[in-house]
Number of protein chains: 2
Amino acid sequence: MFPIGQFSKMTRLSVKALRHYHDLGLLAPDKIDPDSGYRYYKTSSLERARVIVSLKDLGFPLEEIGTILADCREDTDLLQFLETRHQDLETRLAELQARKHALEGLISTARQSREQVRLRMDEVVEKDLDPMLFAGVRMKGGYGEIGKAFSRVGRKAGFKIAGKPLGLFYDEGYRETDADFEGGFPLRKPIDDEVVDCRELEGGHAVSLIHNGPYSDCGPTYQALLTHIAEKGYTPQSPSREVYLKGPGMIFKGNPARYITEIQLLVE
Amino acid sequence: MFPIGQFSKMTRLSVKALRHYHDLGLLAPDKIDPDSGYRYYKTSSLERARVIVSLKDLGFPLEEIGTILADCREDTDLLQFLETRHQDLETRLAELQARKHALEGLISTARQSREQVRLRMDEVVEKDLDPMLFAGVRMKGGYGEIGKAFSRVGRKAGFKIAGKPLGLFYDEGYRETDADFEGGFPLRKPIDDEVVDCRELEGGHAVSLIHNGPYSDCGPTYQALLTHIAEKGYTPQSPSREVYLKGPGMIFKGNPARYITEIQLLVE
DNA sequence: GCTAAGACCTCCCGTAAGGGGAGAGTCAAT
DNA sequence: ATTGACTCTCCCCTTACGGGAGGTCTTAGC
């Protein structure tokens, strides 16, 4: 017969836990001194304690452990319980995995946004764009809706995202409503999905200009690009691209006056 | 200005939750009627609510959401928080995965034990054993220690376990202490581990006898086997094998009087 | 003006599995 | 007899709210 402290060491259950199990009727002491109220445990109770610990390690709630101890004598009796537990676990795991992917997507984009952009501003630049793997969602509506596309792709692609959010605009000019555009991300690896369209985006020669400030006043920036194109005798290709070097995040919107957008037009 | 019920629908947060966030100072109403105590929210608070929901979905505790809301203005500010959260998640996931493997191991052995053994008892049988993939832990000590080997292999091999626990006994005769033996399981797929030895176990012609009851009285069963071998003029090979068709489980010990063990001796 | 419905308020209790600590009693050895 | 280590009960605390009691407020209809 051991007092609770000793039994605690033998079972690696805390004294508090042992008292708690006593309250629940899960593991009653073998004797209680009527005068002092001291709990005393026999060696034979070690076996029951061991079973409790095993079941606890498997994630069973104490109450269920109680019914298991009452009903089961052999491992085979446990099968139903084990299978239910396994199901629960699969569900929990799937949730956590989803959460993990979401986190990884956020981290990857946040990391890239942190790398400060040091680019010539307010000056048209010509560059050659490489083809890239891209996943996007195309939609019609107001430009403000593009955030939905990003978050949808973000959820699916998670840590496969390889760069900043990219917008593709298929209309000829500016459209207040019912615009035709696509939002998405460059990817490291292709994904297969029903909603998200994953494909190779063509490269080529392009003119590019960095726009500072809210999206609403990017009209002049487009004008500057088109002027440059006209001077050079190029022909602009559709869709135009906007790279959101710094824009509203997935969580915080940030300050629109500090948004930085690179506008790219492929030319011939 | 919307009363709490309306705001609740707009944010998809329960009224109780909104009141709770008010208590925590996480999302205070924009106005409180001094007479009635009614909470009223502005449209501009929707944004803050949205951020809270997003962070909650990522698994942040409310208190941390509070500090995030106080400190962060843009997604990049979140990076540290996101990374910490990701770490936590990895840890939790690893735990759950381990738990899942343990469960799968238990389920697989319990399923097999459930299939009732219908075998000729108390009668020596000759059979040809197939080679099998086996993972075991070899040890010296009392026979009672073999359970440790099983649980160790069980934890590592999980759902790759393909059959009942198997004991290999390398000593010539019975040994009270300091016996040399190995406990393990047949596997479906090989595993690579430092502690667990995984290899092909040879097959061959064998004599076999089913033993009923506790391990302590398996002496006569061995005697019967050896007698049979002598009659036939065979030579027994080492190690002898014991297949624990029904024995103490991983969780419950069950009743030793109902244990069923098949003893196998490879012969030449 | 009266009443009823529905929305809202505060306050309290409960969750799972104990942990922390207060204040008091007990055990074993010196 | 006195320490010091152990143990007892009782109460509060943790997360993120949910349930419910009992009371107040607003609004619509008569």
Side-chain angles (χ1 to χ4, degrees), chain A residues 1-41 45 49 51-69 84-85 88-89 92 95-96 99, chain B residues 1-41 45 48-49 51-69 85 88-89 92 95-96 99:
Chain A
M1 301 278 264
F2 308 99
I4 200 168
Q6 298 230 7
F7 197 69
S8 158
K9 278 167 199 153
M10 295 193 270
T11 55
R12 287 174 217 175
L13 287 163
S14 74
V15 172
K16 283 279 191 186
L18 286 172
R19 285 202 268 252
H20 188 48
Y21 298 167
H22 181 195
D23 287 349
L24 297 180
L26 204 56
L27 180 60
D30 295 291
K31 191 195 131 198
I32 300 174
D33 187 307
D35 298 334
S36 64
Y38 275 33
R39 296 167 178 85
Y40 293 97
Y41 295 84
S45 291
V51 174
I52 292 175
V53 171
S54 306
L55 293 173
K56 212 160 56 89
D57 287 348
L58 290 174
F60 285 100
L62 295 185
E63 192 181 337
E64 198 168 352
I65 293 180
T67 74
I68 289 177
L69 282 170
T84 323
R85 199 89 270 287
D88 290 4
L89 238 133
R92 299 260 309 119
E95 278 173 25
L96 291 191
R99 189 172 281 181
Chain B
M1 302 279 267
F2 308 100
I4 199 169
Q6 299 233 4
F7 197 68
S8 158
K9 277 167 200 153
M10 294 191 271
T11 55
R12 286 176 217 173
L13 288 163
S14 74
V15 172
K16 282 280 193 186
L18 286 172
R19 286 203 268 252
H20 189 48
Y21 297 167
H22 182 194
D23 286 350
L24 298 181
L26 205 56
L27 180 61
D30 295 292
K31 191 195 131 197
I32 300 174
D33 187 307
D35 298 336
S36 65
Y38 276 31
R39 294 168 179 84
Y40 293 96
Y41 296 85
S45 292
R48 192 176 170 95
V51 173
I52 293 175
V53 171
S54 305
L55 293 172
K56 212 159 57 89
D57 288 347
L58 290 174
F60 285 98
L62 294 186
E63 192 181 336
E64 199 169 351
I65 293 180
T67 74
I68 289 177
L69 282 170
R85 199 88 269 287
D88 290 3
L89 245 152
R92 295 269 310 127
E95 278 173 26
L96 291 191
R99 187 173 283 182

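Proteins get letters first, then strands, A, B, ... in listed order; numbering begins at 1 in each.
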Phosphate oxygens OP1/OP2 of [N]: is one of them under 4.0 Å from a side-chain N or O of [X]?
| X | N | value |
| --- | --- | --- |
| A/Arg39 | D/dT7 | no |
| B/Tyr21 | D/dC17 | yes |
| B/Arg19 | D/dC17 | no |
| A/Ser14 | C/dG19 | yes |
| B/Lys16 | D/dG20 | no |

Check for a donor-acceptor pair, side chain of B/Arg48 on one end and backbone N or O of B/Ala28 on the other, with a separation under 3.5 Å. no

Interatomic distance, [X] [atom1] vs [N] [atom2] [rounded to whole Å]:
| X | N | atom1 | atom2 | value |
| --- | --- | --- | --- | --- |
| A/Glu64 | C/dT15 | CD | C1' | 17 Å |
| A/Leu13 | C/dA17 | CG | P | 13 Å |
| A/Leu18 | D/dT7 | CG | C1' | 13 Å |
| A/Tyr41 | D/dC6 | OH | P | 17 Å |
| A/Lys9 | D/dA5 | NZ | P | 12 Å |
| A/Phe2 | D/dT7 | CZ | C1' | 17 Å |
| B/Leu24 | D/dT15 | CG | P | 9 Å |
| A/Leu58 | C/dA17 | CG | C1' | 17 Å |

Taking side chain as C-beta onward, heavy atoms only, is A/Leu96 less than 4.5 Å from B/Arg92? yes

Just wondering, do A/Phe2 and A/Thr11 contact through their side chains at under 4.5 Å, heavy atoms?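 A side-chain contact is absent here, since even the closest heavy-atom pair is not under 4.5 Å.
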
Between atom CD1 of B/Ile68 and atom CZ of B/Arg85, what is the distance when rounded to the nearest 0.5 Å? 9.5 Å

Residue whose nearest DNA chain D nucleotide is more 5′ - B/Lys56 or B/Ser36: B/Lys56

Nearest-nucleotide wise, let me know which of B/Glu63 and B/Asp33 is further upstream toward the 5' end of DNA chain D. B/Glu63

Measuring from the side chain of A/Ile4 (C-beta onward, heavy atoms only), which nucleotide among C/dA17, C/dC27, D/dT7 has the closest atom? D/dT7

Taking A/Leu27 as the fixed residue, which of A/Leu69, A/Leu18, A/Ile65 is the one that meets the side-chain contact (heavy atoms from CB on, under 4.5 Å) rule?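 Result for side-chain contact (heavy atoms from CB on, under 4.5 Å) with A/Leu27: A/Leu18.
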
Report yes if a donor N or O on one partner sits less than 3.5 Å from an acceptor N or O on the other, where the partners are the side chain of A/Tyr38 and the base of C/dC27; otherwise report no.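 Looking at the base of C/dC27, it does not pair with any donor or acceptor on the side chain of A/Tyr38 (distance under 3.5 Å).
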
